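Only one structure is covered here, and it is reproduced in the block below.
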Amino acid sequence: MSETRFDPSQADGRWQRAWDEAQTFRADDASERPRCYVLEMFPYPSGRIHIGHVRNYTMGDVIARYKRMRGHEVLHPMGWDAFGMPAENAAIEQKVHPRSWTYQNIANMKAQLKRLGFALDWSRELATCDPAYYGHEQALFIDLYEAGLVYRKESAVNWDPVDQTVLANEQVIDGKGWRSGAPVEKRKLSQWFLKITAFAQELLDGLDKLDGWPEKVRVMQENWIGKSQGLQFGFTLSDGSKLEVYTTRPDTIFGASFVAVAPDHPVAQAVAENDPQAAAFIELCKQGGTTAAELETAEKLGYDTGLKAIHPFTNDRLPVYIANFVLMEYGTGAIMAVPGHDQRDFDFASKYGLPIRRVIAPSAAEAGAPLSEAYTGDGVCVNSDFLDTMPTDVAKREVIGRAEQHRWGEGRTVWRLRDWGVSRQRYWGTPIPFIHCEKCGVVAVPKDQLPVVLPEDVDISQPGNPLVRHPTWKHVHCPSCGGAAVRETDTLDTFVDSSWYFLRFASQPADKPFDPEVVAKWLPVDQYIGGIEHAILHLLYARFWTRALARIGKLEVTEPFASLFTQGMVTHETYSREEHGREVFYSPGDVLRTATGATLKDGSPLTIGRVIKMSKSKKNTVDPDEIVARYGADAVRWFMLSDSPPERDLPWSEAGIEGCWRFVQRLWRLFGQHDAGASGEDKALARKTHQAIAAVAEDIEALAFNKAVARIYELTSAIEKAPPSAERNAAIRTALLLAAPMMPHLAEEGWAALGQQGLVADASWPETDPALLVEDEVTIAIQHKGKLRDTLTAPKGASTEALEALALGSEKVQRSLGGAEVRKVIVVPDRLVNIVT
RNA sequence: GCGGGCGUGGCGGAAUGGUAGACGCCGGGGACUUAAAAUCCCCUGAGCUUUGCUCGUGCCGGUUCGAGUCCGGCCGCCCGCACCA
């Protein structure tokens with residue numbers, strides 16, 4: 001082989017075409033091999049892939065290629081989360097149809113992904129905006145409707161009166177529409193809902209079995225579902241009416257010293273009608289911040305309504321307050337307040353001079369202990385009549401039991417989880433397949449008339465939903481009575497699209513959403529990889545949708561993702577300077593970076609800012625296309641895997657990618673040193689080679705790509721230092737195979753140069769020889785009083801006595817001992833000797 | 001405030017309770033070259049009285065023959081959030 005350099009500009013494309021032509025990465029449903037489904041969260045086709053996508057897809061690609069080498073039939077698909085608002089915004093701004101904008105973006109991004117050499121089965125590519133996809137989604141939606149899991153109800157939305165559109169919560173900034181700047185109104189609209197709450201317990205229980213998921217994500221989902229168990233009961237008020245409250249601590253009922261209702265509770269509203277001061281207080285509560293931190297530190301405020309609530313056991317008359325810390329959305333919007341055992345109630349009672357009674361103590365003997373803050377732990381009841389001495393859990397059951405027996409309350413489980421509102425008053429989404437008939441009400445579109453296709457000829461330029469003002473599209477005949485009727489003009493939340501795409505990847509027949517038998521072969525996804533930002537909504541909705549389909553008999557799988565990995569972001573320094581009193585950012589391409597600072601190309605100095613997530617506004621982005629053109633796909637992929645553990649942020653650096661480029665060339669030169677005529681034996685190198693095979697495999701399976709990369713560097717260095725030998729040739733081949741999942745183009749080029757048959761993409765992972773995995777000589781650390789004094793070499797498996805003698809024979813150890821008496825010698829075979837004096 | 005995570009060289013980071021700093025980046029020195037690029041070699045935690053010794057994994061304590069790792073208490077940073085009764 002010549003001493004030329006590896007040239008990715010021609011090699012990358014050549015091997016990408018070779019994989020395409022051989023259909024190397026096409027997954028075979030009928031394969032007898034063990035299966036592996038590797039999936040990365042599919043992208044929104046915004047126009048360009050960003051470096052975060054590159055990192056995400058490179059990780060998945062390494063696993064997919066590695067699993068193939070280990071003999072698995074791998075499903076590694078890609079598609080497009082293609083509905084959503086950016087297409088409509090682009091339509092307004094650029095006068096281009098959402099459809100053509102989206103498909104143009106898909107074409108661009110697909111070409112970008114191809115240039116990175118990902119081992120994807122493109123035959124299964126799908127776009128959610130394709131009627132061939134969303135038509136099946138409509139059918140599934142109707143199935144869920146017929147199973148009673150879809151319903152309609154009136155619900156408040158954020159309405160932008162200028163744009164005539166509904167806004168998502170994140171599009172409302174300081175109460176104003178993000179685009180129009182107009183104050184957002186709350187409007188009641190009839191909306192479609194999915195009954196995710198019917199699965200709350202299942203979704204919660206399922207989390208326990210998801211041991212392939214990060215603990216963090218499971219905790220976030222658990223909190224989101226938010227199960228609590230307690231007592232709901234009615235206070236009789238002094239005006240004779242009833243006030244329902246909910247508490248998780250019925251055992252503290254004898255400590256209740258007031259009752260509080262939310263400012264928007266009907267009782268508060270009723271009081272305000274005749275009491276201007278109450279009305280003013282309610283207004284006051286509506287102001288102020290809503291962030292978690294602000295709420296936690298906000299002062300507890302209340303307004304005494306003058307009403308009294310009758311305690312069900314003691315008949316005490318408790319004051320009823322309107323309180324800013326009580327939420328209408330949770331429980332019944334009213335609470336019994338127990339200052340002794342709830343910190344919020346404690347703060348409130350302290351401020352308004354209400355009684356603070358201890359009714360729970362760590363032990364009965366501490367019944368009189370004073371409270372300087374709320375005691376929220378468990379214990380035994382004290383000062384609580386018939387509950388005294390009962391432990392917390394027994395007392396809870398006792399109070400609920402009595403309430404139920406005397407019919408003034410009952411045990412109740414409250415969930416934070418709400419049903420999933422899926423109506424969007426937008427054009428670019430899956431049409432909800434229903435028809436409104438004056439006579440027949442809401443009627444599902446018959447399945448043989450699906451898909452309900454979005455009309456192409458829409459006027460996007462005006463505000464509002466174009467489906468509503470389309471001249472013909474919505475006017476149809478009722479499928480039931482044949483009379484004049486109108487289509488539903490709402491479209492589905494795009495989270496619905498992404499709640500089942502992984503099923504469609506596994507099986508995509510033309511006549512139905514998927515074939516459950518084929519799906520059962522592939523699902524659950526063995527490794528799902530994506531951003532932490534989807535920890536709750538997407539992942540919870542996908543789990544729900546899968547369970548819902550299982551419940552109505554469409555699927556056998558209940559949990560879609562066996563293992564989940566959330567990767568870190570790609571970050572970069574920022575460069576900026578003050579211009580006319582504003583901080584102006586410059587992109588890395590315009591900046592000269594030295595070891596000590598950064599300047600513009602004209603030499604003017606810049607401030608180097610923090611390393612933060614790449615974003616357009618801070619101009620600290622790098623363009624994947626540019627760097628692939630400069631360094632080739634393999635150097636970029638290698639960088640994505642090197643150094644930082646994959647769950648942490650990866651700081652992009654020019655020096656780092658340069659280093660990767662150098663290593664690509666270094667490996668290439670190594671391939672050129674394969675010497676067919678080499679003789680001589682190199683047992684030590686053979687050992688290192690086999691240890692590297694085992695270590696890299698272990699690291700890839702643990703997704704510790706940075707460690708796998710380090711192992712390959714180590715092996716490469718060892719080979720470079722070794723003289724020619726048969727083992728060295730084998731080591732070169734092995735290094736190529738170990739690097740192949742990460743640098744597939746270089747590996748193919750090297751494989752061909754070494755005269756190997758076929759594609760390295762089809763090669764097997766090298767076997768390890770167990771005899772070569774263990775060393776026959778080990779380095780023993782010799783410590784005196786726990787401090788290292790010497791290191792000695794000993795045969796592996798040397799006896800305790802031999803090691804002890806060896807250690808005591810060391811000159812350095814003797815010097816350290818200085819004649820002191822040896823009291824004890826600790827020997828850890830094959831590792832260390834510690835001499836204690 | 002609560003929950004979760006993390007603190008190791010100039011930087012990214014390694015390290016089943018057993019030789020702290022693997023591997024990479026940066027930096028320094030050298031070789032090759034007319035020169036440069038490319039490449040290769042060596043050094044690179046701190047300090048000191050430098051054949052060697054001492055200190056060193058945010059801080060304080062504990063367990064242990066032995067602690068970056070385990071336990072208790074602090075400090076700092078990051079992420080998430082729901083005043084959830």
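Chain letters run A, B, ... following the sequence lines, proteins first and then strands; every chain starts at 1. What you see is a predicted model, and the numbers here were worked out from it, not measured in a lab.
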Could you list all N or O pairs between the protein and nucleotides 44-46 of chain B that sit under 3.5 Å apart?
none

From A:Pro339, A:Ser384, A:Ser257, residue fulfilling side chain to side chain contact (heavy atoms under 4.5 Å, CB included) relative to A:Arg357: A:Ser257
The side chain to side chain contact (heavy atoms under 4.5 Å, CB included) partner of A:Met640 among A:Met59, A:Met742, A:Arg55, A:Gln567 is A:Arg55
Select base, sugar-phosphate, or nothing to describe what [X] touches, counting heavy atoms under 4.0 Å on all strands.
X	value
A:Val326	base
A:Thr779	base
A:Arg662	sugar-phosphate

Dot-bracket for RNA chain B: what is it, with Watson-Crick or G-U pairs under 3.5 Å, [ ] where a pair crosses earlier ones, and | for a pair to another strand? (((((((..(((.....[....))).(((((.......))))).((((...))))..(((((..]....))))))))))))....
Using atom C1' of each nucleotide, how far apart are B:A36 and B:C42 to the nearest Å? 23 Å
Could you state the atom-to-atom distance from CG of A:Leu650 to P of B:G24 in whole Å? 17 Å
Taking the six-membered ring for Trp and the single ring otherwise, decide whether the centroids of A:Tyr321 and A:Tyr352 are under 6.0 Å apart. yes
For A:Trp638 and A:Tyr713, I'd like to know if the aromatic rings sit close, meaning centre-to-centre distance below 6.0 Å. yes
Phosphate oxygens OP1/OP2 of B:C84: is one of them under 4.0 Å from a side-chain N or O of A:Arg344? yes
Could you pull out all residues at least two apart from [X] that satisfy salt bridge (Lys or Arg N to Asp or Glu O under 4.0 Å)?
X	value
A:Lys785	none
A:Arg416	none
A:Asp419	none
A:Arg249	A:Asp251

Identify all pairs in which a protein N or O lies below 3.5 Å from an N or O of nucleotides 62-69 of chain B, and state each distance.
| unit_1 | atom_1 | unit_2 | atom_2 | d |
| --- | --- | --- | --- | --- |
| B:C65 | O2' | A:Asn834 | ND2 | 3.4 |
| B:C65 | O2 | A:Asn834 | ND2 | 2.6 |

How are the rings of A:Phe258 and A:Phe348 set relative to one another: parallel (under 30°), tilted (30 to 60°) or perpendicular (over 60°)? parallel
What one-letter contact string describes nucleotides 50-58 of chain B from 5' to 3', where B marks a base within less than 4.0 Å of any protein heavy atom, S marks contact via sugar-phosphate atoms alone, and - marks no contact? --S-SS---
By a strict heavy-atom criterion of less than 4.0 Å, which residues belonging to residues 218-229 of chain A are in contact with RNA chain B? A:Val219, A:Met220, A:Asn223, A:Ser228
Strand contacts (RNA chain B) in residues 692-712 of chain A, 4.0 angstrom heavy-atom criterion: A:Asn706, A:Lys707, A:Ala710
Could you tell me which residues satisfy side chain to side chain donor-acceptor pair (under 3.5 Å) with A:Trp420, sequence neighbours excluded, listed by chain and number? A:Asp493
Atom pairs and distances, side-chain donor-acceptor, residues 821-833 of chain A, under 3.5 Å, sequence neighbours left out:
| unit_1 | atom_1 | unit_2 | atom_2 | d |
| --- | --- | --- | --- | --- |
| A:Arg823 | NH1 | A:Thr837 | O | 3.1 |
| A:Asp830 | OD1 | A:Gly797 | N | 2.8 |

